Amino acid sequence: MRPFAPQDRVLVSPRYLAGAGIDRLADAIGPLIHLFGWPSEHDRASGRISVHSPDGSPFVNFNSRNTHGHWWSVAHHEPYWEARCTRQTPIEAIAAVTQALPQLLGDDRHIDRIPLTTTPLAQIAELNHWHREDDTFTSPDGHCHLQHTPTEDTPWRFRHHVYDGFDTHWDAKSVRTKQGFIGSIGRNHKTERARLQADLDRDVKVLASIDAAA
């Protein structure tokens, strides 16, 4: 078996072990710009990239120089909610949220290419053999944890770390206001890739209401 070269592509399973992957931007931002026509800004001096909806309500920010460790921010103005992701968060997880944003605004174009799962979180966890104890779901290998604390200001949080594993830590969490909007992070049973879901309002019919199951 020959050693891998730096440019070689490899498959890693489960996906959450692989980190952000090679292409950090195209899947998360590209569809919003090229399929839905969302305006974008790129500050070359700072490296910051921002994409926002035509009405300016939800927006996506990528900043690789963020000293606080959160490179990605997916947020909404009114009412305020935000999902924050660190550098090594799998890009599929981030893209699953950003690509769903147009549907939250009633834009059903390309809905056949961007399907949303309606399977409750508890069922997804069971299908993938994740263990649940109180408010925490844990992956079979024990490296990835999803915590759901509905009454707190950070109701959803994903954490991943392999003991003694170099650069394996990543963290994704949601922040909400008192109005009841939340950002949730889950695993989609239809694929082995990690998926990031957004349950922004129980009245939004296109998204799964996972609170009842959890």
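As the structure is a prediction and not an experimental result, all values here were calculated from the model.
- Every residue two or more places apart in sequence or in another chain that forms a side chain to side chain contact (heavy atoms under 4.5 Å, CB included) with Ser73 is listed here: Asn61, Ala75, Glu82.
- Aromatic ring pairs are classed by plane angle as parallel below 30°, tilted from 30° to 60° and perpendicular above 60°; the pair His143 and His160 is perpendicular.
- Atom-to-atom distance recorded for Asp43:CG and Arg65:CZ is 8.5 Å, nearest 0.5 angstrom.
- Between Trp170 and Thr89, the shortest heavy-atom distance links the atoms CB-N, 3.5 Å.
- Side chain of Ser40 to main chain of Ile49: no donor-acceptor pair is present (N/O by atom type, distance under 3.5 Å, no hydrogens or angles).
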(request) Apply the test side chain to side chain contact (heavy atoms under 4.5 Å, CB included) to residues Thr138 and Glu133: give CA-CA distance (whole Å), side-chain angles for both, the deciding distance (0.1 Å), then the verdict. (result) CA-CA 8 Å; Thr138 304; Glu133 183 175 351; over 6 Å; no
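- Annotation: ring-ring contact (aromatic ring centres under 6.0 Å, His included) contacts of His77 (sequence neighbours excluded): Phe59.
- Of the possible polar contacts, one joining the Thr86 side chain to the Asp171 backbone as a donor-acceptor pair under 3.5 Å is found.
- Checked against side chain to side chain contact (heavy atoms under 4.5 Å, CB included), Arg113 has the following partners two or more places apart in sequence or in another chain: Leu35, His110.
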(request) Check step by step if side chain to side chain contact (heavy atoms under 4.5 Å, CB included) holds for Leu146 and Leu121. (result) CA-CA 11 Å; Leu146 165 61; Leu121 177 61; 3.8 Å; yes
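- By the 4.5 Å heavy-atom criterion applied to side chains, Phe36 and Asp107 are counted as neighbours.
- The side chain to side chain contact (heavy atoms under 4.5 Å, CB included) check on Ser57 picks up Ser53, Asp55, His76, Leu105, with sequence neighbours excluded.
- Contact record, Pro140 with Asn128: CG-O, 3.6 Å, taken as the closest heavy-atom pair.
- For the pair His52 and Gly56, the tightest heavy-atom approach, listed with the atom from each and the gap, is ND1-CA, 4.4 Å.
- Between Val97 and Val74, the closest heavy-atom pair is CG1-CG1, 3.7 Å.
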(request) Please lay out, stage by stage, how Trp72 and Ile91 fare under the test side chain to side chain contact (heavy atoms under 4.5 Å, CB included). (result) CA-CA 10 Å; Trp72 289 91; Ile91 195 65; 3.8 Å; yes
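- Applying the ring-ring contact (aromatic ring centres under 6.0 Å, His included) test to His145 and every residue at least two apart in sequence or in another chain returns nothing.
- Interatomic distance, Ile111 CD1 to Arg109 CZ, rounded to the nearest 0.5 Å: 12.5 Å.
- With values rounded to the nearest 0.5 angstrom, Arg84 atom CZ is found 9.5 Å from Ser174 atom OG.
- Closest approach of Asn63 to Ser46, counting heavy atoms only: OD1-O, 4.1 Å.
- If you take NZ on Lys173 and CD on Glu152, they are separated by 12.0 Å, rounding to the nearest 0.5 Å.
- For the atom pair CZ (Arg48) and CZ (Phe62), the distance works out to 12.0 Å, reported to the nearest 0.5 Å.
- Judged as a side chain to side chain contact (heavy atoms under 4.5 Å, CB included), and not counting sequence neighbours, the contacts of Pro54 are Trp38.
- Listed for the Gln103 side chain is no donor-acceptor partner under 3.5 Å among the backbone atoms of Leu116.
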(message) Using side chain to side chain contact (heavy atoms under 4.5 Å, CB included), reason through Phe158 and Cys85 one step at a time and then give a plain yes or no.
(response) CA-CA 9 Å; Phe158 251 130; Cys85 306; over 6 Å; no
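- Here the side chains of Val51 and Thr98 are not in contact, with every heavy-atom distance at 4.5 Å or above.
- The two atoms that bring Thr119 and Ile124 nearest to each other are O-CD1, 3.4 Å, heavy atoms only.
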